[in-house]
Amino acid sequence: MMSDRKQFALVMVVAALFVGWLGWRGFEIISLNERLKADEKVASYPYQHRVLRVEGSTAVMSSLRSHTTSTQEALGTVFPNMRNLSDSHRSWQKAERELAHIQARAGDIVLGATGINRIRWELDENWYHLQTMKSNYDTGL
């Protein structure tokens, strides 16, 4: 039978390892997001791609697009003045190319980090929620 002191020491070691692991994961995410902020093109884009979490060797990154959110809907949120343009206007095509380029660049930056072998994109629902709140505030709703 293990003494109370030994049990306590074992529990403290396990807790310390767990807290250290959590701290490392937090540091890793912060470090990856700092890499994104250090890139002038990615940092200057109106939407800030970021690492949400790391799962093994996969970085889960925020995105404006998903299978339920079209690129045009995303760009209309980022650039509200484009909403009044026709679907075939060349500004849409230019904005789509720029978003794709910036997202690919952000992914490449994160893939350049040690231990990251894959990117999984996840719709940034929180960003859309904040944009809706901001829009409602700006229009006085």
Side-chain angles (χ1 to χ4, degrees), residues 2-141:
M2 199 182 295
S3 72
D4 288 344
R5 282 187 178 178
K6 286 183 180 177
Q7 284 180 341
F8 179 75
L10 181 62
V11 168
M12 293 309 290
V13 167
V14 170
L17 289 172
F18 180 70
V19 169
W21 179 79
L22 286 176
W24 170 251
R25 281 307 204 193
F27 173 76
E28 186 176 25
I29 293 166
I30 291 168
S31 172
L32 291 169
N33 284 325
E34 288 299 321
R35 289 177 80 145
L36 292 170
K37 288 178 188 176
D39 184 89
E40 190 176 320
K41 286 187 178 183
V42 172
S44 66
Y45 194 74
Y47 172 77
Q48 298 301 299
H49 292 89
R50 65 191 190 286
V51 176
L52 303 173
R53 63 188 174 277
V54 175
E55 298 171 349
S57 63
T58 301
V60 179
M61 294 185 67
S62 65
S63 176
L64 292 174
R65 308 182 283 183
S66 75
H67 63 281
T68 60
T69 305
S70 70
T71 303
Q72 202 160 16
E73 182 181 343
L75 291 170
T77 305
V78 175
F79 305 110
N81 57 337
M82 288 181 58
R83 291 182 190 154
N84 299 326
L85 300 176
S86 71
D87 293 349
S88 60
H89 196 279
R90 68 182 184 178
S91 292
W92 282 112
Q93 296 165 355
K94 181 182 176 196
E96 287 174 356
R97 281 192 307 272
E98 183 182 16
L99 174 59
H101 173 74
I102 294 297
Q103 184 166 321
R105 186 177 178 113
D108 288 344
I109 290 167
V110 172
L111 284 171
T114 304
I116 302 297
N117 300 324
R118 190 170 161 250
I119 301 291
R120 191 172 81 232
W121 298 98
E122 188 173 283
L123 182 65
D124 195 344
E125 293 177 11
N126 187 50
W127 183 84
Y128 280 106
H129 178 71
L130 291 172
Q131 295 308 306
T132 301
M133 289 176 58
K134 182 179 181 246
S135 176
N136 289 343
Y137 178 79
D138 290 345
T139 58
L141 294 178

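Legend: residues meeting ring-ring contact (aromatic ring centres under 6.0 Å, His included) with Y45, ordered by chain and number and at least two apart, are absent. For H89, the side chain to side chain donor-acceptor pair (under 3.5 Å) test picks out S91, with sequence neighbours left out. Remark: E34 pairs with K37 by the salt bridge (Lys or Arg N to Asp or Glu O under 4.0 Å) rule, at least two apart or across chains. Listed by chain and number, the residues in a salt bridge (Lys or Arg N to Asp or Glu O under 4.0 Å) with R120 are E55 (sequence neighbours excluded). With sequence neighbours excluded, the residues satisfying side chain to side chain donor-acceptor pair (under 3.5 Å) with R105 are D39. By the salt bridge (Lys or Arg N to Asp or Glu O under 4.0 Å) test, R50 is found to be paired with D124, residues two or more places apart in sequence or in another chain being considered. Here W92 pairs with nothing under the ring-ring contact (aromatic ring centres under 6.0 Å, His included) rule; sequence neighbours left out. Under the rule for a side chain to side chain donor-acceptor pair (under 3.5 Å), the partners of E122 that lie at least two apart in sequence or sit in another chain are R53. In this view, D108 satisfies the side chain to side chain donor-acceptor pair (under 3.5 Å) rule with no residue, not counting sequence neighbours. For T68, the side chain to side chain contact (heavy atoms under 4.5 Å, CB included) test picks out S66, L123, with sequence neighbours left out.
Between the CG atom in L36 and the NZ atom in K41 there is a gap of 15.0 Å [rounded to 0.5 Å]. Atom CD1 of I109 and atom CG of N33 lie 11.0 Å apart (nearest 0.5 Å). For the atom pair CD (Q103) and CG (L64), the distance works out to 7.5 Å, reported to the nearest 0.5 Å. Atom CG of L99 and atom OH of Y47 lie 9.5 Å apart (nearest 0.5 Å). Going from atom OG1 of T58 over to atom CD1 of I119 covers 8.0 Å, rounded to the nearest 0.5 Å. One finds the CG atom of L85 at 11.5 Å from the CG atom of L75 (value rounded to the nearest 0.5 Å).
Side-chain atoms of S44 come within 3.5 Å of backbone atoms of E40 as a donor-acceptor pair (strictly under, hydrogens ignored).
Pairs engaging residues 57-69 under the salt bridge (Lys or Arg N to Asp or Glu O under 4.0 Å) rule: none recorded [sequence neighbours left out]. Applying the side-chain hydrogen bond (donor to acceptor under 3.5 Å, both in side chains) test to every pair with at least one member in residues 71-83, sequence neighbours left out, gives these pairs: Q72-D87.
With contacts defined as side-chain heavy-atom distances shorter than 4.5 Å, the pair R35/V110 does not qualify. Side-chain contact between E98 and H101: absent, with no pair of heavy atoms (C-beta onward) separated by less than 4.5 Å.
When every heavy atom of S63 is checked against every heavy atom of W121, the shortest pair comes out as CB-CE3, 3.9 Å. Between V51 and A59, the shortest heavy-atom distance links the atoms CG1-CB, 4.4 Å.
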